[in-house]
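As the structure lists them, so they are numbered: ligands from 1, and atoms in each ligand from 1. Heavy-atom basis, side chains included; hydrogens, waters and symmetry copies ignored.
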Amino acid sequence: MHTIIEPFRIKMTEPLKITSRDDRVAALAAAHHNVFLLDAEDCCIDLLTDSGTGAMSTEQWAALMLGDESYAGSRSWKRFKASVTEITGMPHVLPTHQGRAAEAILAECVLNPGDIVPNNSHFDTTRANIEYRGAVALNLPCLEAFDTQAEAPFKGNMDVDALRACIAEHGADKIPFAMMTVTNNTGGGQPVSMANLREVKSVLAEHDIPFIIDACRYAENAYFVREREEGYSDRPLIQIAQEMFALADGATMSCKKDGLANIGGFLVCRNDAWAEQFRNLLILREGFPTYGGLAGRDLEAIAVGLREALDYDYQVYRHATVEYMVRRLTAIGVPMVRPAGGHAVFLDARQMLPAMEPLQYPGIGVVNALYVAGGVRAVELGSVMFGHFDDKGVEQPAPLELVRLAFPRRVYTQSHFDYLIEVIEQVWRERDAIPGHRITFQPSLLRHFPCHFELLK
Ligand SMILES: Cc1ncc(COP(=O)(O)O)c(C=O)c1O
């Protein structure tokens with residue numbers, strides 16, 4: 001059969017509110033033209049994020065009932081730890097309430113002002129946690145990552161020569177650890193090859209620099225390695241994941257992605273001294289080390305979800321969805337990051353609106369047009385999220401202006417995706433009418449969440 005079906009059936013439904021264009025124009029104006037400030041119920045297809053928005057399986061719902069809510073040493077903790085240890089092979093496991101809490105603990109314990117942390121591309125919370133410590137979050141993506149149209153198989157890779165140059169310039173003492181984000185969310189959900197991970201590891205090992213994986217989408221990355229990298233086509237995904245983690249000294253994880261849970265995260269490492277420091281701060285910030293910031297039932301759901309994410313048929317279906325979208329949108333002519341990434345479709349707003357200045361935020365224009373056209377909520381990954389102010393206080397745009405349509409796991413069906421294609425097609429046809437935006441309110445950190453916009457025409 002050519003049709004790849006959802007490898008599950010639906011047991012419970014959740015209604016979607018169908019709104020009119022006028023309703024959506026009014027809702028967006030009330031939200032200061034920032035989709036983060038909309039009410040979720042006013043979004044028909046909510047693709048703001050794939051984080052924590054997935055549907056749990058029957059096995060996970062059943063596991064919730066096994067939740068042992070004991071303060072210390074619960075059975076749920078043991079099951080959680082067993083799953084995490086099996087997959088990552090790390091001796092020290094610290095549960096956290098989500099990924100950014102793991103990042104915060106790592107950054108607070110290990111970083112000093114002026115330190116440098118290289119990564120293929122930092123996610124926004126990772127960057128913010130590093131910068132909050134006065135350190136520098138340095139992105140070193142491979143060169144193909146800048147060409148949204150290049151059909152390279154592993155555009156999430158790090159530029160290893162740039163890593164070497166960074167170590168030579170700043171010295172290993174200034175680099176308490178380096179990171180790799182798999183898959184590379186900021187760079188279009190593109191995968192990292194095992195060969196690149198190995199090369200990065202070997203450069204870091206030469207200089208005794210610890211290597212940390214941001215593992216949010218470790219299972220999607222493992223699937224890409226199996227499909228695209230020589231020598232892995234017959235390997236179970238769990239073995240590929242284990243090989244990835246074997247290269248690392250630690251990892252931060254948001255279980256809201258490939259943990260297939262609605263909340264949760266963890267920090268793992270091999271270094272005993274680090275683990276001791278992490279645990280002390282974990283108790284202060286999150287909770288006792290056997291529950292972190294989580295209820296026993298959450299630990300149970302994650303213990304099951306981490307393994308379900310490595311199910312090959314589930315990954316085949318998930319990737320087929322993204323590929324289907326990319327194929328259909330390519331036929332229409334919509335510019336996008338190519339090839340298909342793991343968890344989302346990334347529209348190229350700069351190419352969609354070539355005449356618009358980057359600091360008029362073309363990505364925000366496209367995001368808001370998608371909402372007005374069909375109640376679809378997407379997110380800008382461009383100059384609002386990743387722009388910065390230089391030493392003179394002048395705003396500098398981001399290198400790419402992308403719009404991410406992230407797909408919650410096991411939530412939407414084929415007809416939702418066909419509707420989505422229709423909405424995007426309408427926005428593409430009517431793109432000349434999309435206005436620029438100006439920021440009227442912004443905080444100093446993570447401004448994309450609460451900022452306000454006004455329309456420029
Ligand atoms: C690559 C990456 N790292 C870290 C995080 C932060 O995880 P959390 O939202 O659980 O704090 C995210 C969340 O989207 C992410 O995509």
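- Under the 4.0 Å criterion applied to side-chain N and carboxylate O atoms, Glu300 and Arg79 are assigned as salt-bridge partners.
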request  = Start with the C-alpha gap between Arg410 and Glu308, add the side-chain angles, then the distance that decides, and say whether salt bridge (Lys or Arg N to Asp or Glu O under 4.0 Å) holds.
outcome  = CA-CA 12 Å; Arg410 309 187 287 207; Glu308 284 183 356; 3.0 Å; yes
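- Each of Gln190, Arg217, Glu220, Met244 was checked for a side-chain contact (heavy atoms from CB on, under 4.5 Å) with Val182, and the lone residue meeting it is Met244.
- For the residue pair Glu103 / Thr125, a side-chain donor-acceptor distance below 3.5 Å is found, with atom types taken as modelled.
- If you look at ligand 1, the protein residues with a non-hydrogen atom under 4.0 Å away are Ser51, Gln98, Gly99, Arg100, Glu103, Phe123, Thr125, Thr181, Asn185, Asp214, Cys216, Arg217, Ser254, Lys256, Lys257.
- Classification of Glu286 and Arg279 as a salt-bridged pair fails, no side-chain N sitting under 4.0 Å from a carboxylate O.
- Side-chain contact check for Asp124 and His448: at least one donor-acceptor pair (N or O, by modelled atom type) lies under 3.5 Å.
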